[in-house]
Amino acid sequence: MFALCDCNNFYASAERLFRPELNGKPIVVLSNNDGCVIARSEEAKACGIKMGDPEFLVRDLIKKFGIEVFSSNYVLYGDMSERVMHNLARWFPKLDVYSIDEAFGWLGGIKGLQHYIPEVRKSVVRNTGIPVSIGVAPTKTLAKLANKLSKKTNGVMVLDNDEKITAAVKEFPVHDLWGVGRQHYKKFEALGIRTAAELRNMPEMWFKQNMTIMGQRMWNELWGRPAIPLEVMREVKKGITVSRSFRNYIEDPGVLAEALTLYASRLAEKLRNEKLRCLYLQVFLYTNKNREDHPQHFPSHTHKLLIASNSTTDLVSIAVRVSARLFRPGVKYRKAGVIATGLVPESELQLNAFYDHDHGKKDVVSAVLDKLNLAYGRGTLRMATEGYEKKWRLKHEYLSQGYTTRWSDIIKVK
DNA sequence: TCTGGGGTCCTAGGACCC
DNA sequence: TCTGGGGTCCTAGGACCC
């Protein structure tokens, strides 16, 4: 049996934990650049704010209901997430951390789940202050479904026999199923398939033909046969991305180079943190696809490195060079990013016989960079091409404090 | 004026290999 | 008239996830 544990309204709950006067009040958390709503308390949902709503379109609702607004504070959410996962890990023989606010727990032969699961839930809420919901079923897909249903009751739903599963899928809307997005839903709608029960009654081959092998797995999972295994070692990443929207449009290649310098520097830091180097560096630019009156341009290029690297100077110089080639005059760019792929462990550096490598000099520079920036704050020492003014930098007008990660921000008790 | 960021997996097609 | 079979690697694009 699998348990899917999910934090309720995670970012909103994390913000409210340190502002208890907001209990019972509507609050929302905005995406980076204060662009759109990515988390809502139950009270905010009741005000009619929807997931993904652009902030400027719901500004009137926010004012009308006095909704408290927060910018994303990922340092805080990351730290709270660690606490929740640490607590969950004590209750399950194996834990598969699936996202910042969700984990699959494997229950092995644990008996008496109807009593055990509520205990898990109570313990996590007591120890972290974050409310969680838990759904239990024989497969991951059904556990996700049980979890959704649990949110309407007391936060726990255990589907441990066929009768309970059949009852649960009977009226469950297909678009709420794990693995069904907008495109698949459109197809189901055209065929008149509304519920999970109706969907799983389709033949296996129909799933395979219409939804590739992913659909075939879903079909098996809906019938209680596990097709998606637990992944306890999820941390081996395939790629690492740093990308951001700009506060304003960028139309100047020099300013674009500033942004790419910052992103590539952050990417190099992330690689070094994970003790990885990359063999490929992809650079991409985006225009605003919501503006039909703007010329659109989504160029991208993947550069192959001769030797895998995680050095700031290497990645920055490639990113700046590539971005200059991708840039087209007269286009308003909205977003840019860098993606590192072909990741290899730092310890397994493969040298190139035809390349005059630097015998580790760049590693020394990177180490100095990391040491100074750790001691004196991120960005203390940086590449000159990053610029000084940075008018394109993210908007973060409603940022809360680093309550659990910065000494000066710790809450004082009178 | 104002619409996020970071991922995964799958498929198809091209280039290349023997 | 009629031009193989079996691979790998890479890229681009689609769909989905939180």
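Predicted, not measured: the structure shown is a model, and the values here were computed from it. Just so it is clear: chains get the letters A, B, ... in the order the sequence lines come, proteins before strands, and each one is counted from 1.
- At the phosphate of dG4(B), neither OP1 nor OP2 sits under 4.0 Å from any side-chain N or O atom of K335(A).
- Residue N33(A) is out of contact with every strand shown, counting any heavy-atom pair closer than 4.0 Å.
- For Y398(A) and F70(A), the gap between ring centers reaches or exceeds 6.0 Å.
- Side-chain contact annotation: N73(A) with S400(A), donor-acceptor N/O pair under 3.5 Å present.
- In this structure, K238(A) reaches the sugar-phosphate backbone alone: every heavy-atom distance under 4.0 Å involves primed, P, OP1 or OP2 atoms, never a base.
- Ring to ring, F284(A) and H301(A) are not that close: their centroids are 6.0 angstrom or more apart.
- Rounded to an integer number of Å, the gap from L394(A) CG to dG5(B) P is 7 Å.
- Using cut-offs of 30° and 60° on the angle between ring planes, the pair Y11(A) and Y74(A) is perpendicular.
- Projected onto DNA chain B by closest heavy-atom contact, M214(A) and Y74(A) fall at different nucleotides, the more 5' of which corresponds to Y74(A).
- For the pair D53(A) CG and dC2(B) P, the computed distance is 18 Å after rounding to whole Å.
- Residue contacts for G52(A): at a heavy-atom cut-off of 4.0 Å it reaches no nucleic acid atom on any strand shown.
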Exercise. Spell out protein contact along nucleotides 12-18 of chain C as letters: B when the base is contacted, S when just the sugar-phosphate is, - when no protein heavy atom is under 4.0 Å; keep the 5' to 3' order.
Key: ---SSSS
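- To the nearest angstrom, C1' of dG4(B) lies 16 Å from CH2 of W392(A).
- If you look at F207(A) and W223(A), their ring centroids are not closer than 6.0 Å.
- An OP1 or OP2 oxygen of dC2(B) is reached within less than 4.0 angstrom by a side-chain nitrogen or oxygen of Y249(A).
- The side chain of R217(A) contributes an N or O atom lying less than 4.0 Å from OP1 or OP2 of dC10(B).
- Within a 6.0 Å sphere centred on CD of E292(A), heavy atoms belonging to other residues, nucleotides or ligands number 12 at most.
- Which of dG5(B), dC10(B), dT8(B) sits closest to the side chain of S243(A) comes down to dG5(B).
- Counting any heavy atom pair closer than 4.0 Å across all strands shown, I240(A) reaches sugar-phosphate atoms only and no base atom.
- No engagement by F298(A) is indicated, since no non-hydrogen atom pair under 4.0 Å with the nucleic acid exists.
- Taking the nucleotide of DNA chain B with the nearest heavy atom to each of I213(A) and I38(A), the more 5' of the two is matched to I38(A).
- Y116(A) has its ring centre less than 6.0 Å from the ring centre of W91(A).
- For K237(A), taking side-chain heavy atoms from C-beta onward, the closest of the listed nucleotides dC2(B), dG7(B), dC9(B) is dG7(B).
- Between L30(A) atom CG and dG4(B) atom P there is a gap of 11 Å when expressed in whole angstrom units.
- Not one side-chain nitrogen or oxygen of K395(A) sits closer than 4.0 Å to the OP1 or OP2 atom of dC2(B).
- Distance OH (Y77(A)) to C1' (dG5(B)): 14 Å, rounded to an integer number of Å.
- Note on ring orientation: taking the six-membered ring where Trp is involved, the planes of Y333(A) and H297(A) are tilted (angle from 30° to 60°).
- In this model, the phosphate group of dG7(B) is approached by a side-chain N or O of T241(A) to a distance below 4.0 Å at OP1 or OP2.
- The aromatic rings of F18(A) and Y403(A) sit parallel, their planes meeting at an angle under 30°, below the 60° perpendicular limit.
- Among the nucleotides dG4(B), dG5(B), dT11(B), the one closest to any side-chain atom of R244(A) is dG5(B).
- For the pair S245(A) and dG5(B), the criterion of a side-chain N or O lying under 4.0 Å from OP1 or OP2 is met.
- At whole-Å resolution of the value, NZ in K332(A) and C1' in dC2(B) are 14 Å apart.
- The side chain of R291(A) contributes an N or O atom lying less than 4.0 Å from OP1 or OP2 of dC2(B).
- Distance CZ (F284(A)) to P (dT11(C)): 16 Å, rounded to an integer number of Å.
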Practice problem: Could you summarise the pairing of DNA chain B as dot-bracket text, marking Watson-Crick and G-U pairs under 3.5 Å with ( ) or [ ] inside the strand and | across strands? | Solution: ....||||||||||||||
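- You'll find the side chain of L142(A) stays beyond 4.5 Å of the side chain of E221(A), heavy atoms only.
- As a whole-Å value, the separation of L343(A) CG from dC10(C) P is 13 Å.
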Exercise. For side-chain contact (heavy atoms from CB on, under 4.5 Å), just list the numbers for N23(A) and R16(A), CA-CA rounded to whole Å, side-chain angles, deciding distance to a tenth of an Å, and then say yes or no.
Key: CA-CA 7 Å; N23(A) 281 335; R16(A) 194 146 70 176; 3.4 Å; yes
